[in-house]
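Take a look at the structure below.
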Amino acid sequence: MESEICIYTFSPFGFEGSLVTVEVDLRRGIPAVDIVGLADGAVRESRERMRSAVINSGFDFPCERVLISLSPSDLKKEGAGFDLPLALAVLIQSKKNDFNFIEENIMVMGELELNGNLRPVRAVHAAAATAASSGIKMCIVPYENAEEARAAGNMKVFGAKNLTEAFSALSNAELFSSKKQIRNLNSLLVSEEGMIEKHGILFAPVEKGFEYGEIKNQKELIRAVQIAAAGGHNLLAYGAPGCGKTLSLQKFSALLPLLTPEESASVTRIHSIAGLLSKGSSIIRKPVFRQPHQTASIEGMCGGGSQCRPGEISLAHNGVLFLDEASEFKSSVLQMLRVPLESRTITISRAGRTTVYPADFQLLMSANPCPCGNFGSKEKICLCSARSVEQYWKKFSAPLLDRVDIRIRVDPERQSSGPSGTTDELREEIALAVSIQRQRQGKRNSRLLPSDIEKICITDNEAKKLLDEAAEKYEFSPRAAAGCLKVSRTIADMKGLEIINGECMKEAVLLRKNENLIAGML
């Protein structure tokens with residue numbers, strides 16, 4: 001009796017990817033293996049790896065002519081993850097009269113060594129999630145990718161170490177296991193993994209090197225960083241070299257709460273597609289902190305390549321993109337950030353195919369006031385000409401800076417003395433603000449739409465008057481005025497206030513207004 005088992009695999013292109021059906025036909029003719037269905041070089045080479053792996057694992061390779069069809073036929077198939085599904089599909093077809101195979105659709109991924117052992121592959125989380133959404137409930141993947149596949153959803157997973165184990169699983173459904181359902185995930189994380197809970201919001205333990213209590217004489221900067229973390233606002237810190245900008249912003253991820261399960265799913269999928277999940281990991285819970293080098297290209301930031309891999313802005317999804325010495329980045333790289341900052345997505349088109357990656361990131365930038373770094377200092381002499389300073393800041397452009405709600409000048413000559421508070425103390429107000437935002441609107445204040453601002457950013461008369469006066473004095477654009485409202489809403493949330501008062505609005509305006517430091521360019 002012919003088994004009804006059907007083998008599926010996954011072609012990782014872009015964020016979505018595609019399920020691929022693997023069909024095998026054995027026919028008379030000179031023994032050979034033919035693969036049809038727009039297979040790329042890596043997939044075509046898999047027939048040689050597959051043949052050696054099958055023979056070296058103790059199986060008989062069919063003596064007939066083997067035709068392997070990968071459908072849909074108009075979709076280009078890429079990657080090394082096709083080795084295992086092709087081998088299993090051939091073995092099923094050649095041994096269909098000798099074994100009682102599971103009558104289920106199974107998603108299979110894995111790269112074979114010549115001796116039959118399996119290597120881990122990328123995009124397993126994305127493959128398992130796509131398969132689960134299509135009604136496939138079982139999958140076979142390399143042992144190192146098993147936890148990654150189980151975290152994708154309601155999937156029964158078998159992690160195989162070699163081809164022999166993978167073939168045995170096709171006849172034994174008991175070998176497949178799923179991730180246990182946990183009712184109270186927060187309690188488990190707090191008790192077993194040492195996570196810290198504040199106002200119902202979870203934080204990871206403070207790691208070495210991420211303690212804000214070590215930073216002295218930077219109260220204004222740390223306060224701006226705290227507000228940015230509480231509301232997800234974009235931030236620019238500028239000041240003389242060595243004043244603490246980079247040090248403070250590199251610790252920023254310690255202030256961010258753990259991702260929600262919904263946020264984790266998309267972040268994990270992106271890193272799975274990029275092949276950046278660590279060995280044996282399941283799901284990403286900590287917000288990602290990406291710090292690309294100043295030599296990064298547009299493709300490196302946006303994503304692309306033949307397989308439309310994710311770029312830095314997508315890898316920073318639901319996390320932070322930190323551009324240290326931002327003025328040293330290419331102007332074209334900085335300008336391409338404008339659309340993703342607004343749309344929270346990035347569309348990549350390559351060779352007639354298009355994919356849309358999520359890119360909901362928080363932008364942090366640091367910069368010197370001029371090429372030599374001494375402009376505006378009372379103690380040092382700036383050697384830069386007015387034109388060089390102007391060209392230096394022109395890289396940012398007004399439209400890009402208009403999307404940055406918090407700008408803070410870091411000046412050791414005017415900073416308050418003393419410690420700025422420990423990381424744990426800073427988290428207290430952040431947790432309160434995040435908890436309020438999740439309950440009230442289900443997203444961070446920086447993500448509020450114009451229609452949301454009218455309903456949520458309610459001000460008293462003093463705050464409204466302050467904003468109107470500031471908008472006229474500093475020539476705020478409508479986006480800048482909306483940014484002040486969102487930042488003031490965050491400050492009010494940190495204090496547990498329902499109405500934005502004058503004090504909250506004053507602080508928001510001070511964090512937004514132009515400084516005389518760069519005479520109209522900031």
Side-chain angles (χ1 to χ4, degrees), residues 219-228 230-240 245 326-327 338 341-342 363-370 375-378 382 386 389-390 392-411 413-416 445-446 448-450 452-454 456-495 497 499-522:
K219 285 188 177 180
E220 287 83 358
L221 173 60
I222 303 307
R223 174 61 177 172
V225 167
Q226 184 188 28
I227 295 171
H233 305 286
N234 301 324
L235 178 146
L236 167 65
Y238 60 97
K245 307 182 300 294
S327 54
R338 288 154 53 179
L341 281 172
E342 204 72 27
L363 178 64
L364 303 182
M365 296 188 291
S366 68
N368 294 328
C370 67
F375 186 64
S377 174
K378 296 179 181 179
C382 176
V389 176
E390 180 182 357
Y392 184 81
W393 282 97
K394 263 189 175 181
K395 279 192 174 183
F396 291 98
S397 83
L400 175 62
L401 289 177
D402 207 33
R403 290 169 169 83
V404 179
D405 292 332
I406 298 177
R407 301 97 171 270
I408 180 71
R409 177 186 174 188
V410 187
D411 186 356
E413 298 170 6
R414 67 173 192 174
Q415 289 289 333
S416 302
N445 286 336
S446 61
L448 292 176
L449 302 174
D452 299 324
I453 293 175
E454 186 177 350
I456 296 173
C457 300
I458 303 172
T459 62
D460 61 17
N461 292 333
E462 182 185 0
K464 186 177 185 304
K465 182 180 178 181
L466 275 171
L467 179 59
D468 291 340
E469 292 176 351
E472 181 178 355
K473 180 179 179 181
Y474 300 114
E475 299 180 348
F476 283 168
S477 66
R479 183 189 283 117
C484 282
L485 281 169
K486 290 187 282 189
V487 173
S488 63
R489 178 69 271 173
T490 297
I491 297 171
D493 289 341
M494 293 169 69
K495 298 178 180 180
L497 303 175
I499 306 295
I500 300 171
N501 59 26
E503 184 180 353
C504 298
M505 182 59 71
K506 182 180 179 181
E507 187 173 9
V509 169
L510 288 173
L511 290 171
R512 176 77 199 204
K513 72 180 183 68
N514 291 335
E515 288 268 8
N516 292 326
L517 178 65
I518 309 294
M521 284 181 278
L522 188 61

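Since the model is a prediction, treat every value here as computed from it, not as a measurement.
Side-chain contact between L448 and N445 is present, with heavy atoms from C-beta onward closer than 4.5 Å. With contacts defined as side-chain heavy-atom distances shorter than 4.5 Å, the pair Y474/R512 does not qualify. A 4.5 Å side-chain heavy-atom check between I408 and R223 finds every atom pair outside the cut-off. Contact check for E462 versus N501: no side-chain heavy atoms found under the 4.5 Å cut-off. Residues L341 and V404 form no side-chain contact, since every pair of their non-hydrogen atoms from C-beta on lies 4.5 Å or further apart.
Across all their heavy atoms, T459 and I499 have their closest contact at C-CG2, 3.8 Å. For L235 against A228, the heavy-atom pair with the smallest separation is CD1-CB, 3.9 Å. Minimum heavy-atom separation, S488 to A508: N-CB, 3.7 Å. Taking both residues in full, the closest heavy atoms of A470 and V509 are given as CB-CG1, 3.5 Å, listed atom of the first, atom of the second, then distance.
In this structure, CG in L363 is found 11.0 Å from CG in D405, a value given to the nearest 0.5 Å. Note that CG of L485 and SG of C504 are 12.0 Å apart. Values are rounded to the nearest 0.5 Å. Atoms CG and CZ, from D402 and R338 in turn, are 10.5 Å apart once rounded to the nearest 0.5 Å. The CG atom of N368 sits 4.5 Å away from the OH atom of Y392 when rounded to the nearest 0.5 Å. Note: S477 OG to L401 CG = 11.0 Å, rounded to the nearest 0.5 Å. Summarising the geometry, atom CE belonging to M505 is positioned 14.0 Å from atom NZ belonging to K465; distances are rounded to the nearest 0.5 Å.
S446 places a side-chain N or O within donor-acceptor distance of the main-chain N or O of G231, the cut-off being under 3.5 Å. K245 places a side-chain N or O within donor-acceptor distance of the main-chain N or O of A240, the cut-off being under 3.5 Å. Checked by atom type and distance alone, the side chain of K506 never pairs as donor or acceptor with a backbone atom of L466 at under 3.5 Å. R403 places no side-chain N or O within 3.5 Å of a backbone atom of N234 that could act as its donor or acceptor partner.
By the side-chain hydrogen bond (donor to acceptor under 3.5 Å, both in side chains) test, D468 is found to be paired with K464, residues two or more places apart in sequence or in another chain being considered. Listed by chain and number, the residues in a salt bridge (Lys or Arg N to Asp or Glu O under 4.0 Å) with D493 are R440, R489 (sequence neighbours excluded). Applying the ring-ring contact (aromatic ring centres under 6.0 Å, His included) rule to F396 yields the partners W393; only residues at least two apart in sequence or on another chain are considered.
Within a 6.0 Å sphere centred on CD of E507, heavy atoms belonging to other residues, nucleotides or ligands number more than 12. Within 6.0 Å of NZ in K473 there are 12 or fewer heavy atoms belonging to other residues, nucleotides or ligands.
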Item to complete: With side chain to side chain contact (heavy atoms under 4.5 Å, CB included) as the test, would you mind laying out the steps for C457 and I500 before giving the verdict?
Response: CA-CA 7 Å; C457 300; I500 300 171; 4.0 Å; yes

Worksheet item: Does the pair E390 and K394 meet the rule for a salt bridge (Lys or Arg N to Asp or Glu O under 4.0 Å), with working shown?
Response: CA-CA 6 Å; E390 180 182 357; K394 263 189 175 181; 3.7 Å; yes

